[in-house]
Amino acid sequence: MTAPPLLDAHLVADRDAFQLDVRLRIAAGEVVALLGPNGAGKTTALRALAGLHPLAAGHLTLDGVDLDRPDRRRWVPPERRPVGVVFQDYLLFPHLRALDNVAFGPRRQGADRSAARERARGWLDRVGLAEQARRRPRQLSGGQAQRVALARALAVDPTLLLLDEPLAALDAGTRLDTRAELQRHLGGHSGATLLVTHDPLDAFVLADRLLIVEHGRVVQEGDAASVTARPRTDYVARLVGLNLHRGRADGHTVRVGELTLTAADRVVGDAFVAFPPAAVALHPARPDGSPRNVWPATVTGVQRHGDNLRVQLDGPITVAADVTPAAAAHLRLAPGQRVWAAVKAAETHAYPA
Amino acid sequence: MRTRDTAARAARPARRRPRVPLALLLPAGLGLLFLVLPLVGLLARAPWTTLPQRLAQPGVLTALWLSLQTATLATLLCVLLGVPLAWLLARVEFPGRRLVRALVTVPLVLPPVVGGVALLLVFGRRGLLGSWLDATFGVTLPFTTAGVVLAEAFVAMPFLVIAVEGALRGADPRYEEAAATLGAGRWTTFTHVTLPLVAPGVAAGAVLCWARALGEFGATITFAGNYPGRTQTMPLAVYLALETDLPAAIVLSLILLTVSVAILAGLRDRWVGAP
């Protein structure tokens, strides 16, 4: 028997372009990432949880308390929710020192000035910023501001911690350190945590479970391993770097449009086939021998991709192939070039759609 | 202040050398001349030799002191009422908001004398509110110092409301959302977050408001009359002196000019200028 989740929500909210409709359950101590492209409704979901965007329908229950019940015309205002938010650009109050920014929440919870500051000092110490307590936000670096924002959100001892793209505003170097530190603090948080991000790496590193959102709907859910192995939409496939096609399977073969692909797995009915770009080999002429999946293709683009080149191919199916610069030179790859693409059945994975 | 100026100039991109077109330079120069020449006239015709005696006349200082007092009180009144009004206009969606905003600016375009007449009709002894105030509290406002403050506040309030509303619209409302998620209600958010964020705007509005109140003439003379020591502010004293004693009028004008320029110059760089 599993305990009821700390957060149980069905968020339905109106946006200009579409309606958000997301079901969300987060257990105590669990970190869930809401991952999706820009404009997918992630931030709207976060704002709805914080009480900053009204729910049109659905419900929001946190720790057994109904925070939003539109059908009963019940909406708890943001200031009365046990929720802490780390905003994308932190929104530290510019007129307050770091210490008083963190003490702001405890003060509102009724602590007197010195007790609130004591608590704030403790949190700043935990995020390693005891030295910066007297600085104003504009005197802090991006990474320091992020940690103050985290300390400020945690200082209210929230049942639900919300983080909106917490690393997006940082440069690459700071990001790496801050991500590792954030992981440590999220691990220590006993409440539920929801992280909104468009960066798959943030989601994979920080979250126990991923919810992929597109156009206001959850399109895929699972832990990092299952999401990366079995993407279900083009967006997820691009995120995890896989070629993804949908077709009809009959045993080890999947029919995708005109092409029949042979896969390692056995599936019957509607199915996805996925294979990494590195598994696609290119040949100047139709290859003989082992590969079962061979088709003629036309090169539409060539870009650098790490140490290799990523080749975009058109044909019966559009795929990306990774080839070494040497192979590319040998094949004289250029847009318009006709080649043969081949993928081994052993590297082609099929799973039910 | 000098150093601040130089620092600000150094921070800007290097001044471009290309020649200013004559078509802009000429009207710009004329405009400046038009604004400055009357002040030069005032200085040129000032009775410098008799200045010390004239300044020492009791009526002059009384009028000046009354002007400073009433302008400051009027500004306080405007801040007390105008800042919440500006907040309402900037932050709360309500039907007829555009109409309310238009109404707030009416005193800007209304001739001050008309404003004074309107104030009389409302706060006069037989006015809509005035008769009630008189009957209930025995308070009469017209032709009193309080009436001067009221008249000045009436014409000066729009300056404050417009400045503060602009500052509020420029301030990121997401700071207020952040405050709400930290447990602050609307009032606490207003006093602890919104107000500190727009403090420069409030100060700028208050300075403009004070300057307008200091120079107020039409509404004051209509609503409060022209009683030395009670309702005769500097502009009124200037107007009265003009009829009888031109040099005295010039001296009074000079004082008013000096005081307002000194105070505006002292505050302008700090608050009124661009951030």
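Here is how names work: the chains are called A, B, and so on, in the same order as the sequence lines, proteins then strands, and each is numbered from 1.
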- Task: To the nearest 0.5 Å, tell me how far A:Leu91 CG sits from B:Asp172 CG.
- Result: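 Answer rounded to 0.5 Å: 6.0 Å.
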- Point-to-point distance, once rounded to the nearest 0.5 Å, from CZ of A:Phe93 to NE2 of B:His192: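 NE2 of B:His192 is found 10.5 Å from CZ of A:Phe93.
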Nearest heavy-atom pair of [X] and [Y]: which atoms, and what distance?
| X | Y | answer |
| --- | --- | --- |
| A:Asp89 | B:Arg174 | OD2-NH2, 2.9 Å |
| B:Tyr175 | A:Leu92 | CE2-O, 3.2 Å |
| A:Glu79 | B:Gly185 | OE2-CA, 3.9 Å |
| B:Leu182 | A:Arg108 | O-CB, 3.6 Å |

If you count every heavy atom of other residues, nucleotides or ligands that lies below 6.0 Å from [X] atom [atom1], does the total exceed 12?
| X | atom1 | value |
| --- | --- | --- |
| B:Arg169 | CZ | yes |
| A:Gln139 | CD | yes |
| A:Arg23 | CZ | no |
| A:Arg113 | CZ | no |

- Please flag which part of B:Thr188 lies under 4.5 Å from any non-hydrogen atom of chain A: side chain, backbone, both or neither.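 Only the side chain of B:Thr188 comes within 4.5 Å of chain A.
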- Contact part of A:Val83 toward chain B, heavy-atom cut-off under 4.5 Å: side chain, backbone, both or neither?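 When you check distances to chain B, only backbone atoms of A:Val83 fall under 4.5 Å.
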- Item | Part of A:Arg152 lying under 4.5 Å from any heavy atom of chain B |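 When you check distances to chain B, atoms from both the backbone and side chain of A:Arg152 fall under 4.5 Å.
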- Between A:Pro77, A:Gly105, A:Pro106, A:Ala153, the one whose heavy-atom pairs under 4.5 Å with chain B are most numerous: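 Counting heavy-atom pairs under 4.5 Å, the top option is A:Gly105.
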